[in-house]
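No hydrogens, no waters, no symmetry mates; every other heavy atom, side chains included, goes into these values. Lettering follows sequence order; numbering is per chain, from 1.
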Amino acid sequence: MADPQLAALEIAEPAAGRQASLLRDARAQLARRPSFWLSGGFILVMIVVAIVPQAFASWFGHGDPRSCNLSDSLLSSRSGHPFGFDKQGCDIYANVIYGARDSISIGILVTALSMFIAVVLGCLSGYYMGWLDTVVSRVADVFFGFPFILGALVLLTSLRSHSVWTVSLALALFSWPTLTRLMRASILSAKQMDYVLSARSLGASDWRLIRKHLLPNAIAPVIVISALTVGGVIAAESTLTFLGVGLQEPAISWGLQLANAQSDFQSHPHLLIYPGLFLSATVLSFIVLGDALQDVLDPRRNER
Amino acid sequence: MSAEALLEVRDLSVEFASRHGALKAVRSTSFTMRAGETLAVLGESGSGKSVTAMSIMGLLDPVRSRTSGSITFEGTELVGLSRARRRRFPGRNIAMIFQDALAALNPVQTVGSQISEVLRVHQGASHGAAKAQAIEYMDRVRIPAAAQRYSSYPHQLSGGMRQRVMIAIALALQPKLLIADEPTTALDVTVQAQIMQLLTELRRETGMALLFITHDLGVSAEVADRIAVMYAGRIVETGTAAEVYLHSRHPYTRGLLDSIPRAAQKGQRLTPIVGSPPPLTAIPRGCSFHPRCPRAAEVCTTDRPELREISAAHCSACHFAEELADARG
Amino acid sequence: MGRYTLRRLFQLIIVFVGVTLLIYFAVFTLPGDPIRNLAGHQQLPPTTINNIREKYHLDDPFWEQFGRYIGGVLHGNFGTDFYGNSVWGLMRERWPVTLRLASMAWLFELVFGIGLGVVAALRRRKPSDRLILMLAVGVIAVPAFVAAYLAQLLLGVHAGIFPIAGISDGWPRSYILPALVLGAFGFASVSRLMRSSMTESLQADYVRTAIAKGLPWRRIVVRHAMRNSLVTVLTYVALDLGYLLGGTVVIEGVFNLPGVGQLLFTSIQQQQGPVVVGVATSLIMIFLVLNLLVDLLYGVLDPRIRVG
């Protein structure tokens, strides 16, 4: 129920300072949430791990994911090797640390690409409408016709190389429609706002209108979903790699480690636990971050 | 007070918790209504009139608001009832219609079934009987082609018709008191007049009391027996319509009446009330109107004037109410 | 309603053509010899390759090939594997298993998802609400195959409640654990969505009117708030069907259930490219039809959609 009194209060604030205070409000609200700090912190740590895995891997044992000794096969955790060994006798801790790199890179790459496409196409089609909008919407519809995993599956099966770049491209191909549709819808509703109409009547050019008025207000939901998308892509990549169509040997990926664990994990759970834990924790952080952003950026938050 | 009082509100206060501190929407307000009369509650946005109505209906969220004081309807005390009983109370005694009829109606349910729902739940009427009665009510509120319109959805009707549907729903409850919260504010002037006429007729037919909330001076003059003027959460003047308009005893009411553009004044400057209503988290001490009052004196900044009887059934909350009477005819 | 149906059907046709075109592009026109790509690391004898070339008419002009392909798809012909067995034939006896699995998972998802979502919305900010929220987020974060492993480990091996794999225990015992894992993601998402949708509905003006009408609380929750919220949740359910279809690959693979998903799983492992493409294509077609049905249902539930 919209509180008439609170609404009156909001009207009383001077309009000029409103935009600045909204952003300040958002930042302050965000800073107050422990979930933001926890998830953001974990993500930052994992990104650093992805950039310089050597620094972290050497904390325990030899820190080399590829130095494997078959005589160590399937051993559980012991000093110097907190996560134990896998079937080939490779140190699981080192592999888990190095596995962060490809997975997180793909997650961020795919999302960044999708976001870029979404902002460009979404803004243009939402603002100009007409044939551009029809074309973009129909194309997006076609991509929406694919269940994510199945579409990526078909594409990756037909590709020869399965490098980080090809996998990222394949996943991005199925990720851009969601964000683009969202951006477009956002722009459409922002277009109706009175402040846009008044800016336009004052003679603002299309470019200025989009950049200064529409985009800042429409981008909030896209940012939220993008955060969630990174987590989703990381999960999808590991699933596809697990199935055999994603990254392949000799790449180091959590998905591969989990795929290799299939025959032995029931008697040696450590093969499952550690890669699974890191994978889930990373995905979880992005989801929690996305949730925190949503709670803060959702314009209806005052009524929750 | 008098034995025939239908609704008695005494020292009602409603506070909301907000980020900026406690918001005092209604501050120690009192008024009464008798059966069959029409009371118009007049005030600007933020004066507390809607909140008062919602607290009578029991629609305020107890988690975010705090209500104190007393509201008695036909002798039953409403403040302090358990949440469940509070919800069940208005039912067939008090009905309410709202300003935004589109938002107030369930978008995925036909308008007809929203009326017959009332009959099925409260009277235990069968599906067929409820539908027939609902169509009768729709006829009564002058919805053309009622039988066909029964299966329309709210978004398919015009604003005026939606408001009629709301009135039909209220009628179906056969209430003793109807609270109308700015029902015509969002409508065109012509439709406004039709709705007002409808309400007046229905009042005469059913004998129900009407609590009419508005910010429109003209509308309240037409429809009201008595008028209560609210400012910053308190009632500052009550009286019959004629008394309040012709012999108003409060500077705020005077200010409102003076600010109406009149044809006779054409070409002259308008005279608004200076300043704006205070934020509800920072209400001035003493008389809350004193910063904007042309007659403010020392006492106004320290002592809060209580609503007191100036003449028969005409009350005002101003230290200088008596002098105001003399200044104007 | 009729106009709406026609519009959706028309859209379906466009999407169908687009999807098949994309699949066709991906498989047959990417750089490299499509047959070698599909064969992966296998070495196929030249006769097999030639047979396949003929069968797929790979030397014909593009539009003829594509036309034949679409015709084939519309007739249920999704190609053959390297030995000449029709993909559809391979799938046929596996459908019942997949259908049982998917419908059980879907049921879990709807019943528990909506139920918990409503409960959480009604008890907002109380401990039970926070618990449900945390549980939901946790479940969403764990990828399906990891969850499948965990379920096998904890509930199958250690606790011994459910069979670990295979369908030897028949219906429903063999399907419960896999269906729970398959439906977990959807159930968590639906409950989150339902919770926020219900919260919004409960604060809406029409609920305020319903309270003012003196209706009993239960009726308001079910007939008014839920009715409006379900509309939002339904959109998600449509998307989720895709997830379920894709998820059967993983779940049937890990739990060794002889369904269509497992066929896909093993053909990937065995580098049977044409089978992979064929099965995936058929699942995608099913997804399209299901989407249409959900959209039509949406039109029935929310009268505002029919006009727009």
**Request:** Counting only heavy atoms closer than 4.5 Å, note whether A:Leu272 contacts chain C via side chain, backbone, both or neither.
**Result:** side chain
**Prompt:** Which heavy atom in C:Ile284 sits nearest to a heavy atom in A:Pro147, and how many Å separate them?
**Reply:** CG1-CD, 3.8 Å
**Message:** Are A:Phe242 and C:Val254 packed together at the side-chain level, in the sense that at least one heavy-atom pair is separated by less than 4.5 angstrom?
**Reply:** yes
**Message:** With rounding to the nearest 0.5 angstrom, report the OG to CE distance, A:Ser35 to C:Met134.
**Reply:** 12.0 Å
**Per-residue contact mode, C:Leu150 against chain A (heavy atom under 4.5 angstrom)** = both
**Prompt:** So, for A:Asp141 and C:Gln11, which heavy atoms are closest and what is the spacing to 0.1 Å?
**Reply:** OD2-NE2, 2.8 Å
**Asked** Between C:Ile14 and A:Val142, which heavy-atom pair has the shortest distance, and what is it?
**Response** O-CG2, 4.4 Å
**Fill in**
Looking only at heavy atoms, the pair that brings A:Phe146 and C:Val19 closest together is CZ-CG1, 3.5 Å
**Item:** Contact origin within A:Ala236 toward chain C - heavy atom pairs under 4.5 Å
**Value:** neither
**side-chain contact (heavy atoms from CB on, under 4.5 Å) evaluation trace for C:Val249 with A:Ile149** = CA-CA 9 Å; C:Val249 185; A:Ile149 297 283; 5.7 Å; no
**Complete:** Checking A:Val154, A:Leu156, A:Thr157, A:Leu150 against C:Val276 for side-chain contact (heavy atoms from CB on, under 4.5 Å), the one that qualifies is A:Thr157
**Item:** Exercise: identify the closest heavy-atom pair between C:Val15 and A:Gly145
**Value:** CG1-CA, 4.2 Å
**Request:** Would you sort out whether C:Val137 and A:Leu284 count as a side-chain contact (heavy atoms from CB on, under 4.5 Å), showing the intermediate values?
**Result:** CA-CA 7 Å; C:Val137 170; A:Leu284 181 68; 3.2 Å; yes
**Message:** Is it the case that the side chain of C:Tyr149 and the backbone of A:Gly276 share a donor-acceptor pair, with hydrogens and angles ignored and the cut-off at 3.5 Å?
**Reply:** no
**Fill in**
Scanning both residues in full, the closest heavy-atom pair of A:Pro269 with C:Leu153 reads CB-CD2, 3.8 Å
**Item:** Inter-residue atom distance A:Leu155.CG - C:Leu22.CG, 0.5 Å rounding
**Value:** 9.0 Å
**Request:** Check whether more than 12 heavy atoms from other residues, nucleotides or ligands sit under 6.0 Å from atom CZ of C:Arg123, and answer yes or no.
**Result:** no
**Asked** Could you go step by step and tell me if C:Phe145 and A:Leu243 meet the side-chain contact (heavy atoms from CB on, under 4.5 Å) rule?
**Response** CA-CA 9 Å; C:Phe145 66 101; A:Leu243 287 174; over 6 Å; no
**Message:** Working to the nearest 0.5 angstrom, can you tell me the gap between A:Ile287 CD1 and C:Arg192 CZ?
**Reply:** 6.5 Å
**Message:** Less than 4.5 Å to any heavy atom of chain A: does that hold for the side chain of C:Leu244, its backbone, both, or neither?
**Reply:** neither
**Fill in**
Most heavy-atom pairs under 4.5 Å with chain C, out of A:Phe148, A:Phe143, A:Phe286, belong to A:Phe143
**Asked** If you count heavy-atom pairs under 4.5 Å with chain C, which of A:Ile273, A:Val283, A:Val288 comes out on top?
**Response** A:Val283
**Prompt:** Is it true that atom CH2 of A:Trp176 has more than 12 heavy atoms of other residues, nucleotides or ligands lying nearer than 6.0 Å?
**Reply:** yes
**Item:** Chi angles and distances behind the side-chain contact (heavy atoms from CB on, under 4.5 Å) call for A:Asp291, C:Leu133
**Value:** CA-CA 11 Å; A:Asp291 274 354; C:Leu133 276 181; over 6 Å; no
